[in-house]
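Report on the structure given below.
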Amino acid sequence: MPADALLEVRDLHVSFRTEEGVIQAVDGVSFSLQRGEVLAVVGESGSGKSVTVGTLMGLTRSPNAKFEGEAWLRTGRDGDGGDDLELIGAGDEQLRRVRGDQIAMIFQDPMTSLNPVQRVGDQIVEQVQAHRDLGESEARNRAVEMLDRVGIPRAAERARSYPHEFSGGMRQRAMIAMAFSCEPDVLIADEPTTALDVTIQAQILRQISEMREEANAGVILVTHDLGVVAEVADRIAVMYGGQIVEHGTIDELFYDPQHPYTWGLLGSIARVDRDRPERLPAIEGLPPSLSDPPEGCRFRPRCPHAFEACHRLPALERRGGQSPEHVDRCFLSPDEKHSLREVGGQVGLAARSTAA
């Protein structure tokens with residue numbers, strides 16, 4: 001494991017046995033996370049994002065699940081030389097010790113993540129006492145402090161409220177307070193702004209960013225919206241069909257995208273600096289069935305630029321980007337990529353009828 005990495009995932013495979021066959025939800029995913037950085041994992045629903053991060057937390061374990069690969073978490077803090085923990089093969093008790101303490105998660109729907117019959121403050125107190133040797137009074141003071149830091153007004157009073165007495169934005173703030181209550185090294189935020197209006201989305205992302213800076217934590221931000229991560233991410237991993245199809249810095253992905261799927265995601269973002277089109281461009285077709293994925297490139301059936309070589313699965317490697325860390329899965333040449341990704345004067349995915 002690299003000395004500067006907090007988390008390193010190596011060739012992760014996750015599959016589930018179902019009545020319809022084996023679902024290969026995650027197929028060979030690798031990435032690393034460093035202290036203080038934000039890694040955004042983006043892609044459509046069904047691309048494997050949530051399964052990937054849920055597996056790191058041990059939340060996808062079941063008799064029907066099969067796991068391969070490794071995920072190493074650096075457990076030593078402040079140079080104290082703790083042993084690294086391999087999360088995929090770790091026992092339940094090992095995971096319980098680090099989950100909520102050194103690796104924490106903000107879930108997509110706080111209404112179903114918080115216990116509806118327990119007061120919000122009590123739930124934070126329970127997590128703090130599970131990982132810190134604090135008495136009831138000290139743990140409660142910590143819970144109130146965290147609620148105040150994420151912008152909950154009258155924090156001491158609202159700590160006695162039940163989740164249904166909070167608005168959606170306040171519930172998500174409470175989840176952020178709980179996630180950071182033990183100052184984790186790694187925070188996973190799984191679509192934390194879903195179902196929130198734009199103003200609240202910006203506030204939630206800003207609070208996650210501020211708490212990350214205070215704790216110097218590494219953050220994995222899962223979302224389907226590239227626009228959400230434009231201001232907060234350092235690196236982006238684009239997932240499709242259970243695989244990472246492009247990986248690079250935020251500047252590389254926004255200004256020099258290499259994979260047609262990334263072009264489609266970028267082209268579907270509404271632009272405030274351009275005239276409003278009659279209709280935003282969309283990626284034609286549907287994501288592949290993970291029980292019967294297409295031969296070769298997973299994006300081939302939806303890609304207007306597919307050709308014969310795409311019937312083979314391209315490796316994730318440097319192909320046309322300027323940086324050796326900018327990798328993608330596309331057989332098109334660098335010159336072809338630069339010419340084909342321009343649609344109507346901006347990056348986008350051409351419709352099949354207009355593709356070259």
Side-chain angles (χ1 to χ4, degrees), residues 27-31 39-44 46-49 224-227 229-230 233-271 273-275 277 279-290 293-356:
D27 190 6
V29 166
S30 299
F31 61 84
L39 170 66
V41 182
V42 303
E44 293 170 286
S47 61
K49 309 183 302 298
H224 62 276
D225 186 355
L226 274 171
V229 305
D234 298 299
R235 290 187 293 123
I236 301 177
V238 181
M239 287 193 69
Y240 183 81
Q243 300 177 332
I244 292 178
V245 297
E246 187 167 2
H247 188 182
T249 67
I250 187 168
D251 286 341
E252 290 166 345
L253 266 291
F254 274 86
Y255 298 109
D256 190 27
Q258 298 294 306
H259 197 280
Y261 180 60
T262 309
W263 308 345
L265 293 178
L266 289 169
S268 65
I269 299 174
R271 298 282 297 269
D273 59 342
R274 297 178 183 268
D275 293 336
R279 181 171 181 168
L280 283 174
I283 303 173
E284 295 183 6
L286 297 172
S289 167
L290 297 182
E295 178 187 22
C297 174
R298 297 285 169 85
F299 191 57
R300 175 179 55 81
R302 304 174 71 187
C303 182
H305 310 299
F307 60 109
E308 185 60 33
C310 300
H311 288 272
R312 294 182 285 112
L313 179 63
L316 183 65
E317 59 189 26
R318 181 186 177 188
R319 298 177 182 274
Q322 299 297 315
S323 165
E325 287 77 32
H326 188 185
V327 293
D328 69 274
R329 295 181 186 268
C330 184
F331 285 126
L332 291 170
S333 70
D335 289 341
E336 288 173 323
K337 291 175 180 178
H338 280 86
S339 63
L340 294 174
R341 71 189 182 192
E342 288 286 332
V343 179
Q346 66 182 65
V347 171
L349 187 66
R352 290 184 181 277
S353 58
T354 62

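Along the sequence shown, the residues carry numbers beginning at 1.
Taking 4.0 Å as the cut-off between side-chain N and carboxylate O, R341 and D256 count as a salt-bridged pair.
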Worked verdict on M239 versus V41 for side chain to side chain contact (heavy atoms under 4.5 Å, CB included):
CA-CA 7 Å; M239 287 193 69; V41 182; 3.7 Å; yes

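The two residues L349 and V343 come nearest to each other via the heavy atoms C-CG2, 4.1 Å. Summarising the geometry of I250 relative to V229, their closest heavy-atom pair is CD1-O, 3.5 Å, with the distance given to 0.1 Å. Contact between C330 and P260 at its shortest, heavy atoms only, is SG-CD, 3.6 Å. When all heavy atoms of L226 and F254 are compared, the pair lying nearest together is O-CZ, 3.5 Å. Of all the heavy atoms in T262 and L253, the pair that sits closest is CG2-CD1, 3.6 Å. Across all their heavy atoms, G285 and R302 have their closest contact at O-NH2, 3.2 Å.
Side-chain contact, S47 with E44: no donor N or O sits under 3.5 Å from an acceptor N or O. A side-chain N or O of H247 and one of R235 form a donor-acceptor pair less than 3.5 Å apart. Side-chain contact check for E246 and H326: at least one donor-acceptor pair (N or O, by modelled atom type) lies under 3.5 Å.
Atom-to-atom distance recorded for C303:SG and H259:NE2 is 7.5 Å, nearest 0.5 angstrom. A distance of 15.0 Å separates CD of E342 from NZ of K337, quoted to the nearest 0.5 Å.
Ring geometry for F299 against Y240 counts as perpendicular: the plane angle is over 60°, on a 0 to 90° scale with 30° as the lower cut.
Few gaps surround CZ on F307; more than 12 heavy atoms of other groups in view lie less than 6.0 Å from it.
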